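Before anything else, here's the structure in question.
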Protein chains: 2
Amino acid sequence: MLEEKTKIFKALSDPNRLRILKALQTKVLCVCEIRELLQLANSTVSQHLSILKEEGFILEEKAGKWINYSINPRPSDPRISSILSTLDFWIGDENVIIADKKIICCLDRKLICC
Amino acid sequence: MLEEKTKIFKALSDPNRLRILKALQTKVLCVCEIRELLQLANSTVSQHLSILKEEGFILEEKAGKWINYSINPRPSDPRISSILSTLDFWIGDENVIIADKKIICCLDRKLICC
DNA sequence: AAAGAGTTTCGTTATAAAACGAAATGTTAA
DNA sequence: TTAACATTTCGTTTTATAACGAAACTCTTT
């Protein structure tokens, strides 16, 4: 079904989901860190993460109170591997730097520090 | 702007637009041929074509009464070139055969002949 | 100049997606 | 076991997308 094939593109059509992928490529993050990074409601972030997980872009792992999300190192779909290994080609290479407990990121020419 | 970068994925998130790209890779087509192929209203096809053209996937050329659409052979955006040259990788390789004046195509396991 | 064919634009409707807050669920630590 | 925190689910609202038909536009032919 071609409808099924569009899902990968749908997952990549939202700027916040692209930001999440980018951020996760620098560091494993939990929902609350991503919430701070993107300034979105918890439930909204959760929804984006479930879409990315559903498609195989990311993995989740429980760590006590937190649930850590990370880039899937071995996606079964070669298209996902391809996108993940060439993400800068598709969406550019603006910095998303996450240092220590602080998250410093440059999104759309705006520096956000949380 | 990351919002801008999502446009290429948005353009590819619709199954009918993917069918159009696939069909155009086999043959130059006018709107009315694509309409028959996809069984959509003229205005709907026109809208899809304008999105694909806007993003640089396809070109249009007037030919008398008709407007022919074709795959852009030299897109300025390398991402477009990449998608176009590896389309089967992204969406599979079901046949879309266009012979003579008849269009015979196999979409989602259904043979359509117009 | 008028008729006819192909295409686009416009206005509308229906469906899908993104966002939020509140409530529910699960986990750790007092 | 309760309190506090992290996350998800649910219900709702807003916004975006896909589709259509009718009307407008363009080009060709008579």
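The model shown is predicted, which means the values in this text are computed figures rather than measured ones. Excluded from the calculations below are hydrogen atoms, water molecules and symmetry mates; all remaining heavy atoms, backbone and side chain alike, are included. Each chain gets a letter, A, B and so on, in the order the sequences are listed, and its residues count up from 1.
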request  = Report yes if at least one side-chain N or O of A:T44 is closer than 4.0 Å to OP1 or OP2 of C:dA19; otherwise report no.
outcome  =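 No, no such contact exists.
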
key: Euclidean distance, atom CD of residue B:E61 to atom P of C:dT7 [Å, nearest integer]   =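 From B:E61 CD to C:dT7 P: 13 Å.
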
task = Consider the side chain of A:A41, meaning its heavy atoms from C-beta on, and name the nucleotide among C:dT9, D:dC20, C:dC20 that approaches it most closely.
result =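 Closest nucleotide among those given: C:dC20.
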
Separation of atom CD1 in B:I20 from atom P in D:dA19, rounded to whole Å =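 Rounded to whole Å, this separation is 9 Å.
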
task = May I have the distance from A:N68 (atom CG) to D:dT7 (atom P), rounded to whole angstrom?
result =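 Rounded to the whole Å, the gap is 8 Å.
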
message = It should be established whether A:Y69 places a side-chain nitrogen or oxygen under 4.0 Å from OP1 or OP2 of nucleotide D:dT8.
response =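 For A:Y69, the contact criterion (side-chain N or O under 4.0 Å from OP1 or OP2 of D:dT8) is met.
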
Listed nucleotide nearest any side-chain atom of A:S43, set C:dG21, D:dA18, C:dT8 =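 Among the listed nucleotides, the one closest to the side chain of A:S43 is C:dG21.
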
ask   = Charged N to carboxylate O below 4.0 Å: is that the case for B:K10 and B:E55?
value =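 No salt bridge links B:K10 with B:E55.
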
inquiry  = When you compare the side chain of A:I80 with that of A:N72, does any pair of heavy atoms fall below 4.5 Å?
reply    =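 Heavy-atom side-chain distance check fails, nothing below 4.5 Å.
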
inquiry  = Pick the closest DNA chain D nucleotide for A:K10 and for A:W66 by heavy atoms, then say which residue is nearer the 5' end.
reply    =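 Its nearest nucleotide being more 5', the pick is A:W66.
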
ask   = Base, sugar-phosphate, or nothing: which does B:R17 touch, judged by heavy atoms less than 4.0 Å apart?
value =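 Here B:R17 touches the backbone only, sparing every base.
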
message = If we count only N and O atoms by modelled type, under 3.5 Å, do the side chains of A:S13 and B:S13 hold a donor and an acceptor together?
response =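 Judged by distance alone, the side chains do pair up.
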
request  = Write down the distance between CG (B:L40) and C1' (C:dA14), rounded to a whole number of angstrom.
outcome  =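 The distance from CG of B:L40 to C1' of C:dA14 comes to 15 Å, rounded to the nearest Å.
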
Nucleotides 28-30 of chain C: which of its N/O atoms have a protein N/O under 3.5 Å away?
none

message = Rounded to whole Å, please give me the gap between CD in A:E33 and C1' in D:dC5.
response =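 After rounding, the gap between these two atoms is 14 Å.
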
task = Rounded off to whole Å, could you give me the CD1-to-C1' distance for the A:I34 and C:dA19 pair?
result =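 Going from CD1 in A:I34 over to C1' in C:dA19 covers 17 Å.
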
ask   = Taking for each residue the nucleotide of DNA chain D bearing the nearest heavy atom, is the 5' side occupied by B:N42 or by A:C32?
value =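 On the 5' side of the pair lies A:C32.
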
inquiry  = Can you confirm whether B:Q25 is buried at CD, in the sense that more than 12 heavy atoms of other residues, nucleotides or ligands lie under 6.0 Å from that atom?
reply    =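 Enclosed: over 12 neighbouring heavy atoms sit under 6.0 Å from CD of B:Q25.
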
message = For A:R17, is there an ion pair with A:E54 - N to carboxylate O distance below 4.0 angstrom?
response =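 No salt bridge links A:E54 with A:R17.
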
key: Between D:dT7 (C1') and A:K53 (NZ): distance, integer Å   =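 Atom NZ in A:K53 sits about 11 Å away from atom C1' in D:dT7.
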
ask   = Is there side-chain contact between A:I91 and A:L21, with at least one heavy-atom pair below 4.5 Å?
value =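 Not touching, per the 4.5 Å side-chain cut-off.
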
Whole angstrom value for the distance that separates C1' of C:dC20 from CG of A:L38 =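 Between C1' of C:dC20 and CG of A:L38: 15 Å.
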
In one Ile/Leu/Val/Met/Phe/Trp/Tyr side-chain cluster, 4.5 Å: A:I34, A:I67 =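 Linked within one cluster.
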
Candidates C:dT7, C:dT27, D:dT7 - which lies nearest the side chain of B:V31 =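 Of the options given, the side chain of B:V31 lies nearest C:dT7.
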
message = Closest approach to the side chain of A:I67, judged atom by atom: which nucleotide of C:dT8, D:dT8, D:dA18 is it?
response =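 The answer is D:dT8, which lies nearest to the side chain.
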
ask   = Shortest non-hydrogen contact from A:A23 to A:L29?
value =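 Heavy-atom minimum between the residues: CB-CD1, 3.8 Å.
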
request  = Answer yes or no: does a side-chain N or O of B:H48 lie under 4.0 Å from OP1 or OP2 of D:dT17?
outcome  =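 Answer no for this pair, as no side-chain N or O of B:H48 is under 4.0 Å from OP1 or OP2.
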
